[in-house]
Each structure stands twice: as C-alpha cells, then as structure tokens.
Amino acid sequence: MSLTKRGNIWHVHFFTPDGQRIRESTGTSDKREAQEYHDRLKTKYWRSEALGDQTERTWKEAVVKFLAETEHKASRRDDLQKLRWLDQHFGDLTLVQVTRDRISDIGDLKRKETTVATANRYLALIRSVLRKASLEWEWIDKAPKVRLYPEPSRRVRWLTIEEATRLLQELPEHLASMVEFILATGLRDSNVTGLEWSQIDMQRQMTWIHPDQAKAKKAIPVPLNADAMRVLEQQRGTHPQFVFTYQGHPVTRINNWAWKKALKRAGIENFREHDLRHTWASWHVQSGTTLHALMELGGWSDLKMVQRYAHLGGAHLAADAQRLCRNHDTKTTQLKEKGSSAVTVTA
C-alpha cells in the first residue's frame with residue numbers, strides 16, 4: 001500500500017521506476033495532504049527516470065531566486081525580515097516538503113505571536129514564492145494552496161489637530177520637522193527619510209518622488225503648501241544633499257525610540273509612523289478634498305485605495321440632506337406621499 005499511518009502521521013511507501021524502495025514520512029496527519037505529498041514525490045522520481053531531471057529544489061534555493069527577481073519591490077526590506085524568520089522553519093526542507101499542512105502550522109504559530117493581519121502577510125509571501133516555483137520556474141508541479149485568515153475591518157487611525165500638536169511638541173526637533181512635512185504633503189515616511197534637495201523646486205513649490213522610490217513605480221509630483229515650504233526653509237543649509245538630517249547624517253527611520261517615547265508622553269496609543277499619511281488623507285477629506293483629487297495628491301493608482309477615507313467626508317451632501325427640510329421655520333415637516341395621508345415628523 002502506498003500510504004500507511006503510523007500513530008497520527010501518514011507515511012509513503014513505493015518503488016521508483018529503477019526499483020528503488022522509497023519510505024518517507026509525509027509529516028502530516030491529513031490523508032489528503034499525505035496523498036498530495038505522495039503524488040508529488042512519485043512524479044519527481046518519474047521525471048528523474050524519464051527526463052533525466054534529478055534536481056530536487058529546496059526552499060532556500062527558491063528564496064534566493066525569489067529575492068533576485070524581486071529587487072524592485074518596495075516591500076523588499078519587509079520581505080527579507082519575513083524570509084529570515086521563515087528560514088528557521090523551512091530552511092532545510094525541499095519544496096516538495098513545504099506542504100499545506102506545514103504552511104498552516106506556520107500561520108497558526110505566527111498568529112499566536114502577532115496579529116492576524118501580520119500572519120497573513122507571512123502566508124502571502126510563502127504563497128508568492130511557491131507560485132513562482134510552480135508557474136514560472138517549474139521547480140514543482142503544483143504549489144499547495146495557502147489560505148489566509150479572515151481579517152476584521154479596521155478603522156483608519158488618524159490624529160486630531162490637538163493630538164498632532166501634542167506629538168510635535170514632544171518629538172525632538174529633527175523628527176518633528178519630518179513629521180510636520182508628512183502631515184503637510186502625505187508622503188510616505190520612506191520617501192521623506194531619503195528626500196534630497198535635487199528633488200525639490202522651491203520656486204515652483206514642488207517636489208518629485210522618482211519611480212524607483214514610489215510604491216506604484218510611477219513618478220509622483222507633490223505640490224508643497226505653505227506648511228511644507230516653511231519646514232523646507234528651516235532645513236536649508238543643514239546638508240548639501242539630504243533635506244532631513246541629524247548630526248550631519250540622513251535620518252534613516254522615523255520609528256525609533258525617540259518616536260515611541262514621544263508618543264507615550266503625548267498620550268497617543270496604537271499609532272504607527274505610516275498613520276501620519278492616514279492623518280494627512282483624513283484631514284484632506286474632512287476639509288472637502290474630493291477622493292479623485294486625493295488619489296492624485298497621494299500617488300495612489302486606484303480609487304479603491306482612497307475609499308477607506310470616504311466616510312470622513314460628506315460635506316458636499318449637506319445641500320442634499322437639507323432637501324427634506326421643507327419648512328426651515330418650524331420643527332415639523334409634512335411629508336406627503338402619493339395615495340397616502342400626510343405624515344407628521346417632529347424634530
């Protein structure tokens with residue numbers, strides 16, 4: 001029999017085309033997963049005999065190739081961090097051994113350590129690597145399915161004017177300037193930390209984010225309002241190349257110990273540096289900026305990306321809402337419907 005169960009784990013047992021006996025643990029208690037493992041393993045040995053393909057690719061090889069092909073990704077630094085963590089679990093496995101059951105175990109482990117959203121980011125990265133190994137490189141016949149956990153809808157986290165003022169007062173001067181610039185322009189923190197004077201036209205009051213710096217890989221023209229210009233004027237002459245520096249060196253990150261301590265002193269909880277961009281967008285919508293205009297200002301490629309802020313607007317609907325007030329001088333409105341008697345609604 002090709003599949004046998006020992007304890008809770010299924011094992012494979014078969015002979016290869018050249019007569020070699022294969023006995024291996026599938027590492028799973030799920031019979032369907034075990035059958036998939038068995039089928040992939042038999043296919044591998046058949047390919048080895050019939051096609052001369054004797055290379056059994058490993059997870060580490062796939063990671064190296066994946067990183068080489070995704071150097072352009074804006075999230076490359078995050079991918080590297082995730083792949084280092086995954087290496088302790090998948091590092092010694094072949095791709096055939098990275099089964100759905102093992103992936104599910106990794107997801108459960110990560111979910112216990114952190115949030116569901118973060119666990120899903122790890123699972124999505126595993127899925128990306130395996131899909132490339134299957135569909136593009138043909139290292140495996142079929143990538144196992146990777147299911148993500150349902151994520152609850154979250155409110156957009158943004159600061160009120162009062163909270164932002166408190167935060168700016170608590171931050172050290174070099175970080176306060178960067179935060180104020182983000183609140184004025186909506187730029188991502190990674191674009192601000194690497195911002196150079198060559199990207200800024202003070203006369204035209206514009207700055208540009210180059211395609212290789214933008215998440216959507218498209219150049220973003222950013223108009224500079226009075227607040228942004230004031231911050232830039234304060235930074236003039238501090239460094240010949242970079243706009244924002246500390247002790248003569250460019251600032252590499254906003255989210256550091258000084259940032260965290262300032263948040264605590266300001267009494268602000270559950271707030272990330274990326275939420276500064278959410279704050280900028282939220283303030284725009286509350287001030288009447290249309291979603292289409294916000295999409296262009298923020299460099300988003302899809303209107304769906306700014307729909308999360310739609311509920312914060314609504315001022316343009318005020319006139320429509322007033323249509324129900326047929327008599328503004330009284331607290332009673334008569335609503336007459338065809339074929340029915342008058343209905344009195346008391347405010």
Side-chain angles (χ1 to χ4, degrees), residues 2-3 9-18 20 22-111 116-151 217:
S2 296
L3 279 176
I9 303 299
W10 288 94
H11 290 68
V12 297
H13 177 205
F14 61 87
F15 289 91
T16 65
D18 62 356
Q20 179 184 359
I22 302 298
R23 287 180 174 176
E24 285 191 20
S25 168
T26 65
T28 178
S29 59
D30 186 290
K31 188 173 183 179
R32 184 177 59 181
E33 289 286 335
Q35 188 65 53
E36 290 179 1
Y37 180 91
H38 167 272
D39 294 344
R40 287 198 299 268
L41 197 60
K42 286 195 73 171
T43 300
K44 183 199 73 170
Y45 282 104
W46 178 86
R47 289 173 62 90
S48 175
E49 178 70 18
L51 305 178
D53 182 6
Q54 298 183 2
T55 303
E56 186 172 355
R57 302 291 187 170
T58 66
W59 168 260
K60 285 185 176 180
E61 288 178 294
V63 167
V64 170
K65 188 171 178 63
F66 177 83
L67 290 173
E69 294 185 2
T70 56
E71 289 182 338
H72 63 282
K73 284 185 66 178
S75 61
R76 180 176 174 81
R77 186 171 65 178
D78 292 335
D79 286 350
L80 283 168
Q81 180 266 324
K82 292 181 178 67
L83 290 168
R84 289 191 189 101
W85 185 86
L86 289 169
D87 184 66
Q88 61 185 313
H89 302 282
F90 291 163
D92 296 326
L93 299 180
T94 64
L95 290 176
V96 173
Q97 293 173 317
V98 182
T99 62
R100 181 163 51 183
D101 199 45
R102 279 196 168 100
I103 296 170
S104 179
D105 289 341
I106 291 299
D108 290 342
L109 177 62
K110 200 62 187 175
R111 188 173 60 170
V116 169
T118 299
N120 277 343
R121 302 296 84 77
Y122 279 79
L123 292 173
L125 183 57
I126 295 171
R127 181 172 58 189
S128 296
V129 174
L130 293 176
R131 281 182 174 176
K132 277 185 170 290
S134 172
L135 302 176
E136 297 183 24
W137 311 331
E138 297 183 350
W139 286 5
I140 52 177
D141 294 317
K142 183 179 179 182
K145 291 183 179 179
V146 179
R147 289 189 176 183
L148 305 185
Y149 301 108
E151 293 185 34
K217 299 306 173 186

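The figures here come from the full heavy-atom set of this structure, side chains too, leaving out hydrogens, waters and symmetry mates.
Evaluation of the side-chain contact (heavy atoms from CB on, under 4.5 Å) rule for Lys82 yields Asp78, Arg121, Tyr122, Leu125 as partners, not counting sequence neighbours. For Lys142, there are no side-chain contact (heavy atoms from CB on, under 4.5 Å) partners two or more places apart in sequence or in a different chain. With sequence neighbours left out, His38 forms a ring pair (Phe, Tyr, Trp, His ring centres under 6.0 Å) with Phe14.
Put simply, the side chain of Arg57 never gets that close to the backbone of Leu95: no donor and acceptor are under 3.5 Å apart.
Minimum interatomic distance between His13 and Phe15 (heavy atoms only, all atoms of both residues): NE2-CE1, 4.5 Å. Contact between Ser134 and Ala143 at its shortest, heavy atoms only, is OG-N, 3.6 Å. For the pair Leu130 and Pro144, the tightest heavy-atom approach, listed with the atom from each and the gap, is CD1-CG, 3.8 Å. Between Gly107 and Ala119 the shortest heavy-atom distance is O-CB, 4.1 Å. Nearest heavy-atom pair, Ile9 versus Ser29, reported as atom, atom and distance to 0.1 Å: CD1-N, 4.2 Å. Closest approach of Ser128 and Phe66 over heavy atoms only: CB-CE1, 4.0 Å.
Asp92 CG: 12 or fewer foreign heavy atoms inside a 6.0 Å radius.
Separation of atoms CH2 (Trp59) and OG1 (Thr94) is listed at 12.0 Å; rounding is to 0.5 Å. A distance of 9.5 Å separates CZ of Arg111 from CG of Leu123, quoted to the nearest 0.5 Å. Here the CG atom belonging to Leu86 is positioned 10.0 Å from the CD1 atom belonging to Ile103, to the nearest 0.5 angstrom. Taken from CZ in Phe90 to CD1 in Ile106, the straight-line distance is 4.5 Å, to the nearest 0.5 Å. Here the straight-line distance linking atom CZ of Arg77 with atom CG of Asp79 works out to 11.5 Å at 0.5 Å rounding. Here Glu151 contributes atom CD and Thr118 contributes atom OG1; the two are 8.5 Å apart, rounded to the nearest 0.5 Å.
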Verdict with supporting geometry, Arg100 and Asp30, side chain to side chain contact (heavy atoms under 4.5 Å, CB included) | CA-CA 10 Å; Arg100 181 163 51 183; Asp30 186 290; over 6 Å; no

Run the side chain to side chain contact (heavy atoms under 4.5 Å, CB included) check on His89 and Leu109 step by step: do they pass?
-> CA-CA 11 Å; His89 302 282; Leu109 177 62; 3.4 Å; yes

Leu3 vs Val12, side chain to side chain contact (heavy atoms under 4.5 Å, CB included): CA-CA, chis, key distance, verdict = CA-CA 5 Å; Leu3 279 176; Val12 297; 3.8 Å; yes

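Proximity of Arg76 to Thr70: side-chain heavy atoms (C-beta onward) are separated by under 4.5 Å at one or more points. Looking at heavy atoms from C-beta onward, Glu33 lies out of side-chain contact with Thr26 at the 4.5 angstrom threshold.
Tyr149 and Asp108 are linked by a side-chain donor-acceptor pair at a separation below 3.5 angstrom, with hydrogens and angles left out of the test. The closest side-chain donor-acceptor pair between Glu69 and Trp137 falls under 3.5 angstrom.
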